[in-house]
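Heads up: the structure comes next, in structure tokens.
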Protein chains: 4
Amino acid sequence: MDLVIRGGTVVGESGPYRADIGIRDGRIAAIYSPGNAVEARATIDANGKLVLPGVIDVHVHMEIPFCGTVSSDDFASGSKAAAFGGVTTMIDFAIQAPGETLAEAVAKRKEVAAAKSAIDFGLHCGITDWSPATRGGMREVVEAGIPSFKVFMIYKQEGWMADDGVMFECFEEAASLGATVCVHAENPYLIDVFTERALASGRTDAVQHALSRPNFSESEAVQRAVYLAAMSGAKVYIVHMSASDSARVVEEWLACGYPVLAETCPQYLVLDNRAFEGPDGHLYATCPPIRFEEDCEYLWGAVAGGSIQVVSTDHCSFTRAQKDAWGGDFRKIPFGLPGVETLLPILMTHGVGEGRLPLERLVEVLCANPARIFGLYPEKGTLSVGSDADIVVIDPKRKKQITPGSLHMNCDYSPYEGDTLTGFPDITMQRGRVIVEDGKFLGAAGEGRFLERKPAGGDESG
Amino acid sequence: MDLVIRGGTVVGESGPYRADIGIRDGRIAAIYSPGNAVEARATIDANGKLVLPGVIDVHVHMEIPFCGTVSSDDFASGSKAAAFGGVTTMIDFAIQAPGETLAEAVAKRKEVAAAKSAIDFGLHCGITDWSPATRGGMREVVEAGIPSFKVFMIYKQEGWMADDGVMFECFEEAASLGATVCVHAENPYLIDVFTERALASGRTDAVQHALSRPNFSESEAVQRAVYLAAMSGAKVYIVHMSASDSARVVEEWLACGYPVLAETCPQYLVLDNRAFEGPDGHLYATCPPIRFEEDCEYLWGAVAGGSIQVVSTDHCSFTRAQKDAWGGDFRKIPFGLPGVETLLPILMTHGVGEGRLPLERLVEVLCANPARIFGLYPEKGTLSVGSDADIVVIDPKRKKQITPGSLHMNCDYSPYEGDTLTGFPDITMQRGRVIVEDGKFLGAAGEGRFLERKPAGGDESG
Amino acid sequence: MDLVIRGGTVVGESGPYRADIGIRDGRIAAIYSPGNAVEARATIDANGKLVLPGVIDVHVHMEIPFCGTVSSDDFASGSKAAAFGGVTTMIDFAIQAPGETLAEAVAKRKEVAAAKSAIDFGLHCGITDWSPATRGGMREVVEAGIPSFKVFMIYKQEGWMADDGVMFECFEEAASLGATVCVHAENPYLIDVFTERALASGRTDAVQHALSRPNFSESEAVQRAVYLAAMSGAKVYIVHMSASDSARVVEEWLACGYPVLAETCPQYLVLDNRAFEGPDGHLYATCPPIRFEEDCEYLWGAVAGGSIQVVSTDHCSFTRAQKDAWGGDFRKIPFGLPGVETLLPILMTHGVGEGRLPLERLVEVLCANPARIFGLYPEKGTLSVGSDADIVVIDPKRKKQITPGSLHMNCDYSPYEGDTLTGFPDITMQRGRVIVEDGKFLGAAGEGRFLERKPAGGDESG
Amino acid sequence: MDLVIRGGTVVGESGPYRADIGIRDGRIAAIYSPGNAVEARATIDANGKLVLPGVIDVHVHMEIPFCGTVSSDDFASGSKAAAFGGVTTMIDFAIQAPGETLAEAVAKRKEVAAAKSAIDFGLHCGITDWSPATRGGMREVVEAGIPSFKVFMIYKQEGWMADDGVMFECFEEAASLGATVCVHAENPYLIDVFTERALASGRTDAVQHALSRPNFSESEAVQRAVYLAAMSGAKVYIVHMSASDSARVVEEWLACGYPVLAETCPQYLVLDNRAFEGPDGHLYATCPPIRFEEDCEYLWGAVAGGSIQVVSTDHCSFTRAQKDAWGGDFRKIPFGLPGVETLLPILMTHGVGEGRLPLERLVEVLCANPARIFGLYPEKGTLSVGSDADIVVIDPKRKKQITPGSLHMNCDYSPYEGDTLTGFPDITMQRGRVIVEDGKFLGAAGEGRFLERKPAGGDESG
């Protein structure tokens with residue numbers, strides 16, 4: 001053995017148990033009943049610690065041009081911060097530019113990410129310029145290890161929006177390829193109505209960002225996306241679901257037997273409309289918006305109960321300076337929040353710590369389900385023999401308060417400032433190498449590998 | 001008494017019963033147990049006959065500019081044919097032209113109709129050019145006796161289409177006015193996909209009209225319209241529902257307690273895709289399209305069971321010459337079918353005669369429900385004392401085969417040619433005046449009155 | 001004409017309208033638009049009054065041996081009181097004694113009732129002694145004009161209880177005869193549990209009567225009865241439904257398309273557990289028990305919304321002396337309440353007057369639905385030409401406070417004492433004869449006719 | 001290490017994977033990536049083999065007095081046969097005799113079983129004589145390691161039947177103790193009806209056994225049991241569910257969010273009414289009965305889809321001689337079938353082999369779910385480090401035809417005679433000791449341990 005982690009409490013998918021873990025050649029070579037591990041060249045003492053699979057954040061946007069600027073974390077800073085937060089795999093987006101083939105978009109993005117990422121990464125392919133040629137190019141993308149696409153039901157002006165016909169055709173093609181389609185579900189026509197209404201009443205302050213996107217502007221879009229997916233037989237995955245009404249729509253489809261997949265994000269679980277109060281309110285604008293306390297509670301229930309299968313971050317950092325460019329007009333705020341580093345601690349603290357989620361459900365929604373849904377299982381997402389040794393060791397008693405300087409993302413604020421969190425890892429390991437230990441970064445930009453994913457089969461919902 | 005109808009079987013809303021009907025000053029002045037009627041200046045012997053309320057066709061398009069031509073029945077020919085078919089009230093549409101106020105649109109259409117219509121008529125107001133001014137104009141329209149609006153979810157190129165935001169705002173305003181919104185529910189983006197697909201495979205024949213508008217291109221739109229209506233609290237009325245899947249959507253909403261209103265038309269009940277075969281296939285193109293036998297059967301069940309509350313015609317005649325302008329390209333067929341004259345006979349023959357509907361349900365879907373939903377009850381739609389004496393007398397044993405020359409619409413074909421129907425009236429009476437008797441027209445263009453309708457209250461579903 | 005009622009507001013099934021009513025030979029001979037009535041030998045001026053069909057109380061128990069005594073109203077006093085309350089038809093029960101044939105039971109009861117009843121009456125046949133012979137006798141009962149049976153899921157000791165097998169067989173036979181089965185749905189085993197529990201804690205006071213019969217002791221039985229009915233295809237009618245949970249069960253079956261019929265009674269709509277407080281608490285014991293305010297509200301909603309189709313009384317009077325025999329032990333209270341005289345006023349006052357029911361819904365649940373469901377329509381239950389002239393004239397402005405001496409039932413208390421009610425009729429008429437006028441009884445015992453009813457067809461739910 | 005199993009395909013709950021397993025002191029001490037296992041004192045070569053957790057049969061009846069005889073397998077023969085079939089844990093029933101305390105019943109049964117069982121075992125406690133003392137005794141039973149009770153909704157004559165009141169009180173008490181209640185759900189009153197009907201028509205042949213217990217005689221009871229459980233908050237587990245209608249009832253409750261647990265048995269999955277044909281038909285009588293092909297198909301779907309969480313056997317052997325005592329009267333057949341030895345092979349062959357179940361779902365329904373639901377997890381039911389080394393090694397290519405002499409149960413016939421099955425283990429191991437190898441029994445009566453189980457927590461459904 002190259003390395004043994006001794007004495008920890010391993011969080012498996014069926015619950016926590018005491019075990020030692022042996023690692024050889026970057027993979028888990030053995031799991032031992034405590035005390036049964038052989039000698040190894042190196043040992044980590046995990047007594048009193050939790051040992052989890054590395055977290056998979058399936059929804060991040062590093063250095064993305066958006067809202068007239070570029071998100072402030074590049075793949076280097078973002079992936080380093082991810083490692084500090086226990087994230088060992090991330091999936092970013094290669095979004096097609098006008099006139100570009102999907103393969104070109106993928107190639108470019110892959111090159112940028114591969115040069116800088118300190119952790120393993122995959123890509124989804126964002127479709128924006130639909131044509132027979134684009135449709136024809138989807139197979140090549142899947143065969144290149146990218147069996148998941150994304151369509152946007154909004155962003156008309158940005159040129160990203162797919163109308164219902166495009167979305168349906170994309171579903172059809174994905175179904176034939178066994179691929180999954182991620183959908184940003186919001187109804188732009190409804191948002192326009194409420195935006196105009198805010199302007200007509202002379203209001204442009206930050207909370208208008210949320211008020212101009214009422215719950216049903218999301219839930220209607222979720223209903224429509226799933227209806228069209230059902231007609232095509234496609235696997236549909238609703239990204240960053242934020243409204244209780246949307247979760248209810250998903251639950252009705254699940255009750256009817258249609259296997260809809262859905263994710264939410266920490267910002268929709270622990271923040272609410274009160275965030276928009278005060279001079280920093282505009283820092284909280286993201287899309288879809290942070291909503292109300294009752295939405296948070298409903299979403300926690302859906303995460304616990306299984307109708308939401310994944311929690312990711314939609315990480316898209318902007319600095320205060322970038323955000324401040326809004327000039328008092330909510331329509332001009334760059335939408336997005338930093339989050340990849342705080343994903344695991346927030347779910348440990350407010351989910352597990354407050355009794356909303358058992359530890360094994362946390363592992364399901366952060367590790368196993370993302371891996372299964374996006375074709376990485378069992379290499380990633382589980383602590384099983386043969387799996388990659390992507391491992392996080394946590395001291396459940398250690399707490400850390402979020403302050404401006406305490407995080408590693410390239411962002412000079414956090415939406416969670418002042419919160420005291422457990423769950424920041426003592427050790428983060430990728431393929432057997434320790435990349436974070438005791439607050440020190442031991443990895444390096446460019447060491448992350450591009451993950452060729454395979455189309456997922458059957459029913460992966462958890 | 002001015003007139004007594006003696007010895008007939010009166011079809012009330014609770015079922016048929018024997019009674020005499022006395023008429024004075026254009027209204028029903030008395031209903032007598034058989035033999036109890038007083039003497040009157042005139043008598044109609046209805047022994048062995050059925051006596052029904054005059055039919056209300058709430059969906060007709062006379063002389064409408066559409067698809068590059070004008071529908072072939074004007075208000076004179078159309079209303080005369082209506083009377084031959086037992087229809088004594090029709091509701092046509094005043095559709096806003098670009099830049100026009102709703103009030104202007106209504107005034108123009110009312111003038112044209114009033115000059116020519118031989119039967120009483122109302123108008124719905126079609127909204128196409130949304131703006132704060134248009135919204136503001138809705139109240140005036142309602143106060144002028146037009147408490148029902150129409151929005152189109154398709155017809156982008158024609159400039160009629162309402163996007164989801166417009167539709168929602170229109171629902172909101174209608175809800176505040178107690179008005180009903182009629183919705184043409186089809187998804188144009190999905191239709192575009194299937195239209196392109198037909199063209200790409202070199203098919204432009206008539207059946208492509210139907211195949212390019214699959215069931216879910218309608219049912220998705222129905223779902224969306226009702227969702228947005230439910231968010232606004234509006235009364236929503238789905239016009240000309242043609243697909244079984246749409247009826248299922250409506251039934252789910254009704255099961256949840258939301259009072260959706262829906263109509264279908266005879267062409268969706270008795271015709272199916274086989275109509276498109278042969279050289280006359282293009283004559284059958286209407287919108288939404290005629291579908292499949294299983295849709296017909298499902299819709300009959302929905303009409304009988306109560307989830308569809310109204311049967312109307314969507315009467316929109318084009319002559320063979322007009323239809324023939326298609327030149328072999330399904331996209332160029334003027335969409336529409338003649339039907340106002342055959343509505344009652346088709347429901348009598350294929351509904352009542354074939355055991356699908358009891359007589360009292362026929363009266364509900366053709367008379368009472370249309371009157372209740374559109375604010376004409378109890379003046380119209382029922383044989384009650386005080387109601388207008390709009391009455392139809394039918395010999396249930398008399399049959400008539402449909403041939404090119406047998407009908408009175410300005411249209412040189414019928415989709416029902418060759419069919420043998422019962423239910424053409426012996427007598428049609430409006431406000432106590434006989435306007436059709438034994439195949440002779442005794443009415444006159446311009447004698448029909450414009451009906452000022454009132455917003456309907458409560459739950460009118462039947 | 002023998003008689004004309006002029007100037008009243010007639011409450012038809014579709015709503016109130018102004019009309020005159022002409023009566024000849026005991027039937028409605030004509031309905032006139034106001035002012036159109038011919039001269040008649042007699043005239044009733046109904047200006048400013050409501051004119052309703054006579055009420056049909058389908059659930060009464062006159063002079064029934066029960067709980068060790070005999071209910072205090074005989075057919076004479078009970079039917080006279082009924083007339084004072086606007087009830088012109090009642091259906092009582094011929095309950096089989098051990099060893100008796102159904103025909104014998106019916107013959108006996110019919111004789112007693114016919115001798116004394118001042119109003120028209122029918123009978124349901126209560127089955128208590130199941131055997132092949134009893135089953136075989138059901139046809140004869142139906143053919144004798146009694147197409148409705150009753151089974152009891154409780155009353156083991158009384159020898160009335162039908163176990164699930166008997167109930168199922170009774171459903172089967174009724175289904176083959178087109179008959180309806182009325183079910184008293186309570187689960188005796190559950191009631192035993194809670195009765196023992198009360199005793200074990202030393203409580204025998206009146207409220208224990210209610211607490212020992214929790215909601216689910218009724219709703220479970222409703223669920224079971226309907227399940228078995230559905231298996232047999234029988235028409236099932238749940239009598240005196242008292243619990244919100246039971247209404248929910250019925251609503252679930254209706255939503256699935258199974259046409260369950262259900263009734264409730266005024267005591268479940270306007271009284272609640274507070275009635276058991278004080279020294280007179282035991283006077284309120286009836287079975288099933290009066291429940292909680294939230295049950296009342298739910299049941300009002302079900303009556304208004306259509307899932308409960310009938311309101312009857314379960315009239316079963318006992319005098320204070322009879323009730324007082326309980327001696328402080330809730331198990332010994334004779335169960336039952338007087339009610340036939342106050343049915344219509346309570347629904348007028350607390351239903352129509354407080355905005356819970358429109359007038360036409362009151363007519364449905366008190367007149368039209370009872371008539372349709374139990375095979376009396378259209379002779380009874382509606383004001384239509386040809387119908388029996390069973391008519392009630394009400395002054396909607398006249399109020400009357402309930403006091404010990406203000407009612408005509410043979411009972412020295414009323415559960416509604418102190419309440420001020422509208423809706424007591426000025427005139428009650430049966431088959432054209434005035435039997436109550438201005439507080440004077442003009443009828444006579446024995447003038448009521450036995451009504452031979454016919455099996456109801458189709459769907460009678462309202 | 002004491003022992004290493006090398007090179008096998010281990011079936012974990014998330015799917016099969018290649019691994020070696022190391023065993024020390026009767027437990028799994030390590031799981032290794034293939035080739036990483038250390039040397040051990042003994043090695044099993046599992047190349048090309050499947051390695052599964054030992055099966056847990058939670059429903060067996062050894063040497064039970066029933067139907068006037070005693071079931072033919074005692075704990076010795078039954079447990080030995082179990083081992084041949086890969087079952088390493090069984091749960092039998094301590095059924096209270098009249099007048100006996102629950103603790104006495106448990107003590108007696110435990111003594112008999114402990115003396116003879118060759119495999120580990122637990123007990124459920126069958127309640128038949130309800131009283132405050134019995135209720136009071138439930139806590140002691142739970143504390144003695146028996147957190148599961150059983151009630152019978154049938155077996156009146158046998159004195160076992162719990163009426164609805166008893167069942168409800170038992171649910172209540174179990175809920176307060178965190179215990180699970182197993183319910184035999186059939187409605188005896190309905191069965192009596194159909195039994196009488198068979199006799200009345202002179203039919204006593206074997207198939208009458210099935211025909212006298214129609215689907216709804218089970219599904220009604222399931223509905224009722226779950227309703228009462230829901231009212232009490234109890235964990236309810238429906239044993240040996242046999243009818244498609246019952247599964248539908250369970251599915252409706254699950255859709256509403258109530259966590260009903262349900263099991264079925266192989267006889268309901270692979271046998272149908274054709275079994276009753278021929279002279280041996282009576283051998284197939286068990287209770288509830290084998291049903292129809294469509295029930296089998298529906299149940300397979302429920303097992304695969306998750307609404308049935310466990311497959312057990314209801315093993316209750318009778319020899320041909322015992323069965324032949326029926327004398328042509330279906331009412332006298334001893335009800336029960338041998339099955340503990342064939343459970344795993346039947347699910348391997350007809351479930352996994354025919355594509356109905358993935359291997360991991362087989363492990364869930366035979367191992368993990370039984371362990372979780374009945375408080376044995378993770379000691380039993382999973383191949384995890386620290387778990388008991390109860391392990392089965394199977395050669396998936398080896399087939400065996402069932403013949404009279406091929407099985408080890410004390411029963412001279414098998415319902416599956418002639419069937420060719422895969423899935424009989426090469427090796428069965430209990431706590432690290434091989435007890436069956438290559439068709440030889442290496443265990444011994446009395447070596448099985450009594451398992452003190454703990455109340456299960458949370459939601460264990462799979």
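Within every chain, numbering begins at 1; the chains are lettered A, B, ... in the order of the sequence lines, protein sequences first and strands thereafter.
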A:R197 to A:F194, cation-pi by 6.0 Å centre distance and 45° axis angle: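 Yes; both conditions hold, so A:R197 lies above the ring face of A:F194.
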Need one label for [X]: side chain, backbone, both or neither, based on atoms under 4.5 Å from any heavy atom in chain B.
X      : value
A:L228 : side chain
A:Q223 : side chain
A:N187 : side chain
A:S217 : neither
A:E252 : neither

Whether A:Y258 and A:W253 hold their rings parallel, tilted or perpendicular, with breakpoints at 30° and 60°: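 Answer is perpendicular, since the angle exceeds 60°.
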Winner by heavy-atom pair count (cut-off under 4.5 Å) against chain A, out of B:S219, B:P132, B:P188, B:A200: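 Of the candidates given, the most pairs with chain A belong to B:S219.
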More than 12 heavy atoms from other groups under 6.0 Å of CD on B:E293: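 Counting other residues, nucleotides and ligands, CD of B:E293 stays at 12 neighbours or fewer.
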Heavy atoms of other groups near B:E297 CD, more than 12 under 6.0 Å: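 It does: B:E297 CD has more than 12 such atoms within range.
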For chain B, the option from A:V193, A:V166, A:N215 that forms the most heavy-atom pairs under 4.5 Å: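 Highest number of heavy-atom pairs under 4.5 Å: A:V193.
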The single option from A:E218, A:E251, A:E220 passing side chain to side chain donor-acceptor pair (under 3.5 Å) against A:S246: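 Going through A:E218, A:E251, A:E220 one by one, the side chain to side chain donor-acceptor pair (under 3.5 Å) with A:S246 is satisfied by A:E218 alone.
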Salt-bridge present (A:K156, A:D192; N to O < 4.0 Å):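 So A:K156 pairs with A:D192 through a salt bridge.
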